[in-house]
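Scroll down for the structure; my scribbles are underneath it.
Index from 1, following the sequence. Each ligand, and each atom within it, is numbered from 1 in the order the structure gives.
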Amino acid sequence: MKLFILTLWISSLISVHCQSITLNGVWRGTINTCHKKKSFQGCDDDINFSATVPGGVYTDLHRNNIIENNLLGRNDINNRWVGNQSVVYTKNFNVTSDFVKAHKIVLIFYGIDTFASVSLNGHMIGQTSNMFLRYIFNVTDYIREGQNLLQVAFRSAVKEAEDLYNEQKKSYIVPPVCVPKEYNGQCHVNHIRKMQASFSWDWGPAFPSVGIWRDVELVPVNDLLLNDVTTDIRRKKDTWDILVTIFLETTQSKNEELISCDITSTLYVSQSELISNSSEVMLDTSEKYININVSLTVPADAVKNWWPNGYGKQHLYHLITTVTTANGVLRKRIRVGFRTVELVEEPLEKGLSFYFRVNGVPIFAKGSNFIPASVFPELGAKEDTIRHLLLSTKETHMNMLRIWGGGVYESKLFYDLADEYGIMIWQDFMFACAMYPTSDAFLRNVEPEILQNVIRLKNHPSIVLWAGNNENEAALYGNWYGTGSAPIYREDYVKLYVNLLKREVEKLDPVRPFLVSSPGNGAYEETYNYTGVNPYSNLYGDVHYYNYIRNGWDITQYPRTRFCSEYGFQSWPSIYTIITAAETTKDLHVDSDFVKHRQHQPFGNQYMRLLISYNFVIPQNNNSVRDFANYIYLSQINQAVSIKIQTEAYRQAKSEVNSIGEGMTMGALYWQLNDVWQAPSWSSIDIEGRWKMLHYYAKDFFAPIIVTPHLSISNELSIYIVSDRLYTLRNCTVEIRVYNWRSTTPVFAKSFGDIIIESNKAKRIASFWLDEFLVRVGCGSLKSAKRSCIAALSLTDESGSLIAPVNYIYPDALKNADIPVANITMKIEKNHFLPGKLSNYPDFKLVLSTDNIALFVWLEVGNIRGRFSENGFHMFERKKEIIFHAHEGTTIELLRSNIRLVSLSDIYNARGNFDNDYFVRETKNLY
Ligand code: BMA
């Protein structure tokens, strides 16, 4: 019986466009061109291929074996001719006589990338020029019973961008004129409304694709089309007030001027109706678009709050809206969450605060920046990928992701998962690192983009902020693109982001905060009309901070900003990931052309080497694969530790300001979470989904409670405890243990007891001179003590249980220390019933034993999917247990033959477990 009711309830929800016909699936593609590919010489050869919708030309051509794997070697360049082509996509489809009887039939494209002419049975039905729009075309007059032919003819986005640039240039140039040469990119993407990173970025290749990248459907409409349903949810004293807006489109029928219609919105708790309201309206069908409102008042205690990850559960509720007319019922189900969000910008001693308050609780935003999950937009919503990335976010105590403005407005799946996992979303609009035109045509194109995307996304409780652009104010202020002091660029800036975006978004979504630019000075910007003042002030708004010259392990360099929304360091992805892009083992060398080709950041490889060399001697390079693997390992250590120290610096500054008013930091979003190809980048998860060492470290440095050191320039060591918990903990103890490099037994241990950890605060609990301390505890003379010892910090509660990850103090650069040789052995046991088990696949217990202190112990398992409970860890104890959570079926034998372990001392005495032969074998197997 229960099952029956449930089925009934579910089926009642899925009546949206019930007779619509999907036009996804197999299409035909044709390129008619004088193209550059050797095997197709001459002009006017048609290249015919089987296409897929949703899809794109690069992935289609590869699937048809017309071009090679796009992400292999230098194929971003070899396949570039594709981006210069005009491509025609066609689809034959049948419709029944019943279907064509509808008053009106519309063809909906949920995403066309980008410039296309659409025709049905030879009749032009529309043009497209914005990848971020949903296009609805009326095809009533052209569709016919039986066979139909739909054709979408794309023009090259590269050429369109160039034409628009040339046109614009007649009055003035809207820079940058092109990307740096290292990007091997395409120019002028700022002139078109397409994923900006598809023309290349400093972490990604250019694949200026064309294609139908989201769903397509044909929808029969009787009198009305129910386009969207949105909610504005406001908290009143004892209620939540929901203003539901129903967006209808009429068929503009000439006979019936007025349609009587009943509109009902119902909020469900579990499967039962909690509250419902209806409105009977007469719709004037001479209007094309009609918006109707329904209000619901929900007693506050009838629903539970939605909370960010780490603060409580993510309660979500269904709201179903039905529109009933004499001709039928239209229904839409959306999901809502009940939470308040404020961006708090209140006067401090100097400047303004800048933090998110959710349900009245000040939240320290912990997280990262999200770039598109694929450089091929059609692959950016793959469930496996998105789920993996968002779960990896949740599992590492992150509560916020910033969707960066050079990508796309993400898929429904993405925001649904963010809602479910409690990941707050800082949503940029898609404008990044450039000046943008403000011609009438451009603004006319942007306006519906704002409208549609705000309407599409605003029901997601996870979205907590809209932001106008990425770094465009900074670029203008800092003259990055040669705009100088010309007033036109400032005028354009205000016209686009303030007069259009800000005004429109505040109208469309009165409940959420809007920020004009990131980085920026937040609310302070209004006082100077949004340009002309350094947007990187530490006293206002958010800051992006990058420094590739100073040692990333030096905590004193980091700004005491109110909110750091970008900061990062590059590293190389795992050798197992790089192998999937290499054409021969010759590519797998630190100085190979392949390595140079994959590095887009100007001087990126030099910066990385410099940064590593502050802390490590880079082993001699004999151009072996092992050397490269070792270099990758060091690059990941450097990235992980640098970002750990930087993040901890921000967390330490949560509750205090310094003498010049800087501090009260309430956000740390490192750059960047994910990757689009196998290359060095700032990511913590590589393109294959492998966690770099940084991602493992994020789990610790974002933990709800941390104990963390701060070493000043004058060598004063301060110890902080930072808590995001909303309760006080008493009788806690911090222990500092000092080890010299010769033994796993500390030379000294001292406890600080009776510590009170206050709710939602950072507090310094001790300060002392590190040098003197180390001398006193037996590390040697003032000259040698720092390089002779290392210290660990732990924090326990009154029962003696650890309540924070163990942390470390590196008194000196590790290259100066006499790192001991550690011999580590490992036993693997299978265990199905380990606590914290995450998947249906078995977990394995690894028991590691060492004869000495081992630093940065790093485990990899080749191509077996899964992750470790910890990785990149130090062993001060002789034995340690680690869990491998398999994400696919595997066996002890397979694990045993694939597992590789390396620790810091290995790479100096050439005992590294990565062996050349292994990689030669692997490479052969793959190609
Ligand atoms: C920031 C971002 C990106 C870029 C990153 C690394 O400026 O907004 O544009 O990829 O730095 O350089």
Distance dump, ligand 1 polar atoms to protein, N/O, under 3.5 Å:
unit_1   : atom_1 : unit_2 : atom_2 : d
ligand 1 : 7 (O)  : E471   : OE1    : 2.6
ligand 1 : 7 (O)  : E471   : OE2    : 2.6
ligand 1 : 7 (O)  : E566   : OE1    : 3.4
ligand 1 : 8 (O)  : W404   : NE1    : 3.2
ligand 1 : 8 (O)  : N470   : OD1    : 3.1
ligand 1 : 8 (O)  : N470   : ND2    : 2.9
ligand 1 : 8 (O)  : E566   : OE1    : 3.3
ligand 1 : 8 (O)  : E566   : OE2    : 2.9
ligand 1 : 9 (O)  : W201   : NE1    : 2.9
ligand 1 : 10 (O) : W201   : NE1    : 3.4
ligand 1 : 10 (O) : D202   : OD1    : 2.6
ligand 1 : 10 (O) : W203   : NE1    : 2.8
ligand 1 : 11 (O) : Y546   : OH     : 3.2
ligand 1 : 11 (O) : E566   : OE1    : 3.4
ligand 1 : 12 (O) : D202   : OD2    : 2.5

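Figure legend: R193 and F431 shown as a cation-pi pair, the cationic atom lying under 6.0 angstrom from the six-membered ring centre and within 45 degrees of its axis.
For residues 475-485, no pair satisfies side chain to side chain donor-acceptor pair (under 3.5 Å), with sequence neighbours left out.
Residues H544 and E471 have side chains that bring a donor and an acceptor to within less than 3.5 angstrom of each other. Between the side chains of Q652 and Y558, no donor N or O sits under 3.5 Å from an acceptor N or O.
Here Y409 pairs with E449 under the side-chain hydrogen bond (donor to acceptor under 3.5 Å, both in side chains) rule; sequence neighbours left out.
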Can you list, pair by pair, the side-chain donor-acceptor contacts under 3.5 Å of residues 364-379, counting residues two or more places apart and other chains?
unit_1 : atom_1 : unit_2 : atom_2 : d
K366   : NZ     : F702   : O      : 2.8
K366   : NZ     : D724   : OD2    : 2.7
S368   : OG     : Y670   : O      : 3.1
S368   : OG     : L673   : N      : 3.0
N369   : OD1    : R402   : NH1    : 2.9
N369   : ND2    : S565   : O      : 2.9
N369   : ND2    : L669   : O      : 3.3
N369   : ND2    : Y670   : O      : 3.1
S374   : OG     : F376   : N      : 2.9
S374   : OG     : F376   : O      : 3.2
E378   : OE2    : G56    : N      : 3.2
E378   : OE2    : T59    : OG1    : 2.5

